[in-house]
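See structure below.
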Amino acid sequence: QVQLVESGGGLVQAGGSLRLSCAASGVTFSNWAMAWFRQAPGKEREFVAAIRWSGGMTYYADSVKGRFTISRDNAKNTVYLQMNSLKSEDTAVYYCAATAVVAPPQVASWYDYWGQGSQVTVSS
């Protein structure tokens, strides 16, 4: 049984930082590209960042480029999202997801497994 479990969300002031973690089990983690999506109230789920299985290539939404960093530790079956210079518009539930597609797409429907989500709230 595949499980993705996010942690590290919370409440932070604008300009602050948070690091999200997503621990995977039940899957050969190093075979999967990983991504983070987010969903704010009343909005569709949107792509945030993704990383190939090797960690050699990363992809970012324009809205987070230069502020967020995705990374992975295949030995720990964990993917991370370091979020700096947070803004109120970053407030959302953040989800990690796994896909077998080599070059991870920015479309949610391509992802096979999802975590339960972690709330991030940025106060202005």
Original post:
Per the side-chain contact (heavy atoms from CB on, under 4.5 Å) rule, which among Lys43, Glu46, Arg45 passes with Arg38?
Top reply: Glu46
Subject >> For Phe68, all residues meeting ring pair (Phe, Tyr, Trp, His ring centres under 6.0 Å), sequence neighbours excluded >> reply: none
**OP:** Answer with yes or no whether the hydrophobic clustering places Val101 together with Ile51; edges join I, L, V, M, F, W, Y residues whose side-chain heavy atoms lie under 4.5 Å apart.
**Re:** no
Original post:
For Lys65, does the NZ atom have more than 12 heavy-atom neighbours from other residues, nucleotides or ligands under 6.0 Å away?
Top reply: yes
Original post:
Do Trp36 and Met83 have side-chain heavy atoms sitting under 4.5 Å apart?
Top reply: no
Original post:
Linking I/L/V/M/F/W/Y whenever their side-chain heavy atoms sit closer than 4.5 Å, directly or via other members, would Ile70 and Trp53 fall into one cluster?
Top reply: no
Original post:
Quick one: does Glu6's side chain have a donor or acceptor within less than 3.5 Å of a partner on Gln116's backbone?
Top reply: yes
Just list the side-chain donor-acceptor pairs under 3.5 Å for residues 10-35, sequence neighbours left out, or say none.
from: Ser17; atom 1: OG; to: Asn84; atom 2: OD1; distance (Å): 2.9

Original post:
Are Val122 and Tyr60 co-members of a hydrophobic cluster defined by side-chain heavy atoms under 4.5 Å apart?
Top reply: yes
**OP:** State the CG-OG distance between Asn74 and Ser54, to the nearest 0.5 angstrom.
**Re:** 8.5 Å
Original post:
How far apart are the closest heavy atoms of Ser124 and Ser88, and which atoms are they?
Top reply: CB-CB, 4.3 Å
**OP:** Evaluate the criterion ring pair (Phe, Tyr, Trp, His ring centres under 6.0 Å) for residue pair Phe47 and Tyr59; output intermediate values, then yes/no.
**Re:** CA-CA 10 Å; Phe47 171 80; Tyr59 310 83; 7.7 Å; no
Subject >> Taking every non-hydrogen atom, the tightest pair across Tyr111 and Trp114 >> reply: O-NE1, 3.6 Å
**OP:** Using modelled atom types only, decide if a donor and an acceptor are shared between the side chain of Arg52 and the backbone of Met57 within a distance under 3.5 Å.
**Re:** no
**OP:** For residues Ala97 and Leu4, report the shortest heavy-atom separation together with the two atoms involved.
**Re:** CA-CD1, 3.9 Å
Original post:
Which heavy-atom pair separates Thr99 from Asp112 by the least distance, and what is that distance?
Top reply: CA-OD2, 3.6 Å
Original post:
Shared ILVMFWY cluster between Val79 and Tyr94, side chains joined below 4.5 angstrom?
Top reply: yes
Subject >> Worked verdict on Tyr80 versus Asp73 for side chain to side chain contact (heavy atoms under 4.5 Å, CB included) >> reply: CA-CA 8 Å; Tyr80 304 97; Asp73 185 337; 4.1 Å; yes
